[in-house]
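The chains referred to below are lettered A, B, ... by the order of the sequence lines, with proteins before strands, and numbering in each begins at 1. Worth knowing before you read on, the calculation uses all heavy atoms, side chains too, and leaves out hydrogens, waters and symmetry mates. The structure displayed is predicted, hence computed values, not measured ones.
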2 protein chains.
Amino acid sequence: MGTENRAGANTTFFTVKWEEAGVVLLDQRKLPQEETYLTCKTYGEVAEAIRAMVVRGAPAIGVTAAMGVALGIKNSTAGELKELAAELDVISKTLLETRPTAVNLPWALKRMKETFERSRAAATGTEAEKIQAVRRDLTEEAERMLVEDIAICEAIGRNGAGLIEESGNILTHCNAGALATGGYGTALGVVRSAVAQGKSVHVFADETRPFLQGARLTAWELQKDGIPVTLITDNMAGHFMHQGQVQCVIVGADRIASNGDVANKIGTYSLAVLARENGLPFYVAAPLSTIDRDMPSGEQISIEERSPGEVTELRGISIAPAGVPARHPAFDVTPHRYVTAIITERGVAREPFTEALNQFFSSEK
Amino acid sequence: MGTENRAGANTTFFTVKWEEAGVVLLDQRKLPQEETYLTCKTYGEVAEAIRAMVVRGAPAIGVTAAMGVALGIKNSTAGELKELAAELDVISKTLLETRPTAVNLPWALKRMKETFERSRAAATGTEAEKIQAVRRDLTEEAERMLVEDIAICEAIGRNGAGLIEESGNILTHCNAGALATGGYGTALGVVRSAVAQGKSVHVFADETRPFLQGARLTAWELQKDGIPVTLITDNMAGHFMHQGQVQCVIVGADRIASNGDVANKIGTYSLAVLARENGLPFYVAAPLSTIDRDMPSGEQISIEERSPGEVTELRGISIAPAGVPARHPAFDVTPHRYVTAIITERGVAREPFTEALNQFFSSEK
């Protein structure tokens, strides 16, 4: 399989794409050693790929899940729309249960469900023709969501670039880059946009234990794009802030409550506290689809607890004594009081976040 | 080689010991997979073992260096005391240059030098007899320093145990345990002492990247002693504090300035900030030998920058793209304003630290 770039114009790889054969994903578990692409031929394979973190990052999970729905419906042998609707529910449920924290997943599934309903209502002709129309509409919608996601990231980048100083060091955590989205990235979209504006930035990438998304993914995609990056362990971030070697922190988000509380990769809360303690701006870059308007505060956000084995082993090598218990919350919640601004495709929100974000949603309609 | 325990009464292994054949060290690089002991037969081998982190932890480095001096003098073929004194300087210099941050290293070397001078002045008989007496005195002094170090850790443990609640979770970073000292430990000495008093404590051990001293060493020695421990990645510590799952933080130290600023394993500063933000006590447990009275504040402390390869590779496996730059400061400095108390063998010091610590030194004389 080739590595043709249909994604962001500024990246030399793609995260997810739709092909006749199925949903094609860059296997992020194998980066940076191997750049290999995996074709999921069933929605079950798509669900497993999300669960196993072949693809990760809230926006990328959303787009991939939408394609999973389209694939499931495309592969369906249902002879009636009613049967197809029942299958859609099963497909959605399977995809929904893969990971609990990223809100882009239910957001994407809801959008696909609405598309299904709209398409079903509009469809004419025989039952077979109607089914054909629904299938086509769902495929088109999923592909549209990918294109939109990249455009949204580019808008986030433009909106955020103004917050970046002419030169300096930006600290980021996990991977909120092209690999976490349809392309271009959220936090790294801001970095790419600042670089495109001629700003002289350098990125400190937290390695982000236990999955090492920073070491494996952020370092990889920035290096590929020629953006200066230095890898550090998570526990060095505070030290470099304290030493005056960091000018701002930018991260992505997996779910943002209406009040601006941010669920993101484990370690984000610590960075936010450390940034405030050192007088540094702490920015969150995310599409509006990451904002969960049904959630008044971050306290209600469900935090995925993954296998302790992902902490005690690294590539099959045990790094701890046999039998030692470990914990593995995959995310944490940063209270909005630590967040300087949330950078979205509609603009930059600041406190009070509830009002600022509401305004973006109103202007969307 | 056996694993006879001549060290702390509460541990089932030893960190360093003096034998006729040389200085025997538990090879901490191989833990937790293998418990093997390495015999250094020359002072050069002792220096290399310190540099390569076969042994680490400020108090353990001090004791090991003292034994390195005794070994070098024992092996010397010098026929005159004057010649032996010159050799002592070469031996000391070699050992001093192994690692820059732990002050226990120069402290131990100074003490051995003073012992040499005292012994030389007191020696009687022929030149050969005098040399023999000096050799014996240095060996005895180094062995005494090991015994003292364990007694000091036990005193630190007793002094600190009162600060620990009847039950709860203690967060620790790196390894400030029996493995970091002659035996028993500083931070973990406090834990051991609280357990001995019947307190129901559970330890959260930060894995402590990049060397994983928490995962490999702290988890190992607590598990061996039957003290409940849960391993977490460094970036989870803040989250668990914020969730109310941590009652206090205790760490060791590599060098403490007169004003109470603490140099310790990279990541310590972040924990101190997070503890204060969450209203939790942040304790530093260390012997008086870790206090550098010549250093008014932490700003002057030299921070060892180790090889970036130790960040980008883990047991020979590359975890980052080839050629990505990395940083590796091995320590950071925590300003004293974040430190609730410093637990020493003489008692518990609180702000103003300068006065409190001075008092301990006065009472030492």
- Heavy-atom contact with chain B under 4.5 Å, split by part of A:Ser318: both

- For the side chain of B:Glu207 and the backbone of A:Thr312, is there at least one donor-acceptor N/O pair under 3.5 Å apart? no

- Just one of A:His328, A:Arg327, A:Arg209 clears the side-chain contact (heavy atoms from CB on, under 4.5 Å) bar with B:Ile232, so which one? A:Arg327

- So A:Val273 and B:Asn278, side chain to side chain contact (heavy atoms under 4.5 Å, CB included) or not? Walk me through it. CA-CA 10 Å; A:Val273 169; B:Asn278 287 286; 5.8 Å; no

- Message: A side-chain contact here means heavy atoms from C-beta on lying under 4.5 Å apart; do A:Thr230 and B:Val324 qualify?
- Response: no

- Task: Measure distances from A:Leu271 to the heavy atoms of chain B and classify the residue's part below 4.5 Å as side chain, backbone, both or neither.
- Result: neither

- Message: Which heavy atom of A:Pro32 sits nearest to which heavy atom of B:Pro321, and what is that distance?
- Response: CG-N, 3.4 Å

- Message: Quick check: closest heavy atoms across A:His242 and B:Pro335, and the distance to 0.1 Å?
- Response: NE2-CG, 3.6 Å

- Item | Heavy-atom side-chain proximity of A:Tyr269 to B:Leu274 below 4.5 angstrom | yes

- Using non-hydrogen atoms and a 4.5 Å limit, figure out which bit of B:Ile317 sits close to chain A: side chain, backbone, both or neither. side chain

- Taking atom types as modelled and ignoring hydrogens, do the side chains of B:Tyr338 and A:Glu277 form a donor-acceptor contact shorter than 3.5 angstrom? yes

- Who wins among A:Ala219, A:Ala205, A:Pro308 for the most heavy-atom pairs under 4.5 Å with chain B? A:Ala219

- Message: Just so I understand: if I count every heavy-atom pair under 4.5 Å between each of B:Leu217, B:Thr233, B:Ile266 and chain A, which residue has the most?
- Response: B:Ile266

- Note on the structure: Looking only at B:Gln33, B:Gln223, B:Arg216, most heavy-atom pairs under 4.5 Å shared with chain A are made by B:Gln223

- Message: Please classify the contact between B:Phe331 and chain A as side chain, backbone, both or neither, with a heavy-atom cut-off of under 4.5 Å.
- Response: backbone

- Side chains of B:Asn235 and A:Asp206: closer than 4.5 Å at any heavy-atom pair? no

- When B:Asp234, B:Asp332, B:Val311 are each screened for side-chain contact (heavy atoms from CB on, under 4.5 Å) with A:Met236, the one that passes is B:Val311

- Message: For B:Glu299, which atoms come within 4.5 Å of any heavy atom of chain A: side chain, backbone, both, or neither?
- Response: neither

- Message: Please classify the contact of B:Ala322 with chain A as side chain, backbone, both or neither, using a heavy-atom distance under 4.5 Å.
- Response: backbone

- Is B:His239 close to A:Pro329 at the side-chain level, that is, under 4.5 Å between some pair of heavy atoms? yes

- Query: Taking A:Gly267, A:Gly238, A:Pro325 one by one, which has the highest count of heavy-atom pairs under 4.5 Å against chain B?
  - Reply: A:Pro325

- Task: Check each atom of A:Leu212 against the heavy atoms of chain B and say whether the ones under 4.5 Å are side chain, backbone, both or neither.
- Result: side chain

- Note on the structure: Whatever's closer than 4.5 Å to a heavy atom in chain A on B:Leu31 counts as neither

- Can you see which heavy atom on B:Ala320 is nearest to which on A:Leu231, and at what distance? CB-CD2, 3.7 Å

